[in-house]
Amino acid sequence: MSDRKRARIDIGTPGAEQTAAAAGGRSEAAQKAAIGEPTTNVFDGGKPFSDRYYEILATRKELPVWQFRDQFKKMLRDNQICVLVGETGSGKTTQIPQYCAEVCHEDGIQGMVSCTQPRRVAAMSVAQRVAQEMDVKFGEQVGYTIRFEDFTSKNTLLKYMTDGMLLREAMNDPLLERYSVIILDEAHERTLSTDVLMGLIKEIAASRADLKIVVMSATLDAEKFQSYFNDCPLLTVPGRTFPVEIFYTPEPQPDYFEAALRTAMQIHRYEPEGDILLFLTGEEEIEEACRTLRNEAQNYDCGELLCVPLYSTLPPNMQQRIFDPAPPARNGKPGRKIVVSTNIAETSITIDGIVYVIDPGFAKQKVFNPRVRVESLLVSPISKASAQQRAGRAGRTRPGKAFRLYTEKAFKKQLQDTTHPEMLRSNLGSVVLQLKKLGIDDLVNFDFMDPPVPETLMRALEMLNYLGALDDDGNLTSVGEMMSELPLDPELAKMLIASPEHKCSNEILSIVAMLSVPNCFIRPNDQRNEADSAKAQFVHEESDHITLLNVYHAFVANNMDQKFCYNNYLNFRSLKSADSVRQQLLRIFKRLGLELNSTPFEDRRYYDNIKRAILSGFFMQVAHKERSGGYLTVKDNQIVSIHPSSSINHRPQWTIYHEFVLTTKNWIRTVTAVKPEWLLDASPDYFDLTNFPQCEAKIEIERLIQRRARHNKR
DNA sequence: GAGCACTGC
């Protein structure tokens, strides 16, 4: 009999000695035993529970979800798939996975319980908490797995992980056989990975009767999840938050920014004490709002107002300021903290003590145009679900108020119920490659919860075909197999795999890593010149990609020193993470059996080889300078300009670009000058003139082909 | 001569 099965006896059936001890009424454990609760930890070799366990257990029992423990366990036993809806504060994320582990133990089921999270921090912090609750060593029986970090052991029975990580695992373990229960948490967020996982897991469930699936979500989409998963049972657990009173504006607001600041000042001047959370759309807006509010607060006879900005690119020590206490009262008027934040405060970061929420009703959202394959950010109205989530932020510690800067009618009639899932707003290149690797051949009929428009899928398939990842029948090629192993966009993956042929894989590894992390150049508004001259040291005048390579080399040559970064206006965090990414890519690169090589620096082909390697992944992102002097993207004929941050010091005839950014204008960012004949070498298929729209670029390529033909004849 | 919603492998 396995240890697990033997240990099962302990649950709920205390042994004779324990019952005898209870009669003495001394220790806490003994008292527990007397009322039929276990006193030893079946998950830790039958060790007695610590005192701390009982302390935490008391708080666990106060969670709303505790009342549903037996009901949930029964539902799990009786069904393969179930949906659990739990509002904020229900305790579902920490408790449900434990209940699953209990069921596995009690029923002698082998295999791990996995609980997925959209974000790394959540996976880590929840795992730590649950290890404490279960009174086991963190990283042993309970652990977590995220990119770059696997904090689990061979004894792990409950594992928190990012949803992207589970998807990676599925590529090598298509039926996810090491798991007996998979819990998809925060499913309502509908991230790309969650959506792919849902489709995949639904398929796996059909062929693995022993696999249990729990989908956990906030309220709004419950029935949709239920019907998607074959009308499975649903358990609803109430949350534990304080009531939030909602106020709408009587009239639509022409300028949400101005209305937001006005509302903030009114709350500060006339409402009882309590901190404010104001949602705006981006860094610039947020910094401006903070400046204005600081000034305003001095013009009135009111308490002190502490204005704290919050957005993801803010350095962590600045982000910490959101937890500073509000200033004390002044002349009997309350001091107050106002946090001015992007959407990051809607899901990722929770601030306690917020009593007032101001919701102008907008957020920057990703939109995708499949015709020109461009993703861009657009300020757009939020959904009802988002508005509800934002309002909820006011009721975490006591009853609060939410001020919506739009009319009730607009809320009811104009806001969509939920935010469009990311799947419908993204370039699906990576998703398609992943699904192919997972053995899903018929993508058009794949059971997506919200199927993407066919054109988006077609563009992704076409792109992967040009990259050589899929053959003409849509099957994964050996190049495609390798590409799918790399945690990169397909273009970057292709460029890396092709780099050994161009004798520069060492350099391309560095460039790809640098392209995969946030922008490393810092340019403070009041030190632009200093920052620009610091950057000038690294500039390669024909290529932003090579400029990035120079930065990485300098970083390494200076022992990855933080001071070096500070002195040179470089983002240390970003460069550190580029180095981690590079190490990870290098490991995979070697595993794939690819050759690590470099062209000698003295060789005149050193830079050309690098540019050709970049082109092998990015030949679909080329811009051509027209006779008018402006740039047009090749084949799509979009008017674009080279981004002012570019280190290119001339205007090359042909250039590849890494990103197309749509803001005030169509920009191409991170560019490298190339020679037109390299285009033909990189992909004769893509530059086949029979399906090329008429334009100057076509005429030049035509001439080039004729010249080559003549040359070959001679 | 301008900008970086947020995640994740």
Figure out the [atom1]/[atom2] separation between [X] and [N], and round it to whole Å.
X: A:Leu314; N: B:dC4; atom1: CG; atom2: P; result: 16 Å
X: A:Leu167; N: B:dC9; atom1: CG; atom2: P; result: 11 Å
X: A:Asn172; N: B:dC9; atom1: CG; atom2: P; result: 16 Å
X: A:Ile344; N: B:dG8; atom1: CD1; atom2: P; result: 10 Å
X: A:Gln584; N: B:dG8; atom1: CD; atom2: C1'; result: 11 Å
X: A:Glu283; N: B:dA5; atom1: CD; atom2: P; result: 7 Å
X: A:Arg390; N: B:dC6; atom1: CZ; atom2: P; result: 12 Å
X: A:Glu169; N: B:dC9; atom1: CD; atom2: P; result: 12 Å

If you compare every side-chain N and O of [X] against the phosphate oxygens of [N] (OP1, OP2), does one of them come in below 4.0 Å?
X: A:Thr191; N: B:dC6; answer: no
X: A:Arg669; N: B:dC4; answer: yes
X: A:Ser348; N: B:dC6; answer: no

Among A:Tyr631, A:Tyr657, A:Trp654, which one satisfies ring pair (Phe, Tyr, Trp, His ring centres under 6.0 Å) with A:His624?
A:Trp654

Considering only [options], which nucleotide approaches the side chain of [X] most closely?
X: A:Pro644; options: B:dA2, B:dG8, B:dA5; answer: B:dA2
X: A:Arg168; options: B:dA2, B:dC6, B:dC9; answer: B:dC9
X: A:Ser312; options: B:dC9, B:dC6, B:dA2; answer: B:dC6
X: A:Met165; options: B:dG3, B:dC9, B:dC4; answer: B:dC9
X: A:Arg523; options: B:dG8, B:dA5, B:dG3; answer: B:dG3
X: A:Ser645; options: B:dC4, B:dA2, B:dG8; answer: B:dA2

Regarding [X], tell me which of base, sugar-phosphate or nothing describes its non-hydrogen contacts under 4.0 Å with the strands shown.
X: A:Tyr311; result: sugar-phosphate
X: A:Lys366; result: base
X: A:Asp163; result: nothing
X: A:Val379; result: nothing
X: A:Thr342; result: sugar-phosphate

Do the rings of [X] and [Y] sit parallel, tilted or perpendicular, given the 30° and 60° boundaries?
X: A:Phe446; Y: A:Phe448; value: perpendicular
X: A:Trp667; Y: A:His643; value: perpendicular
X: A:Tyr144; Y: A:Phe151; value: tilted

Got a salt bridge between A:Arg591 and A:Glu485, using NZ or NE/NH1/NH2 to carboxylate O under 4.0 Å?
yes

Does this structure show an ion pair linking A:Glu169 with A:Lys159, if we count only N-O contacts that are shorter than 4.0 Å?
yes

Quick check on DNA chain B: between A:Arg120 and A:Lys665, whose nearest nucleotide comes earlier from the 5' end?
A:Lys665

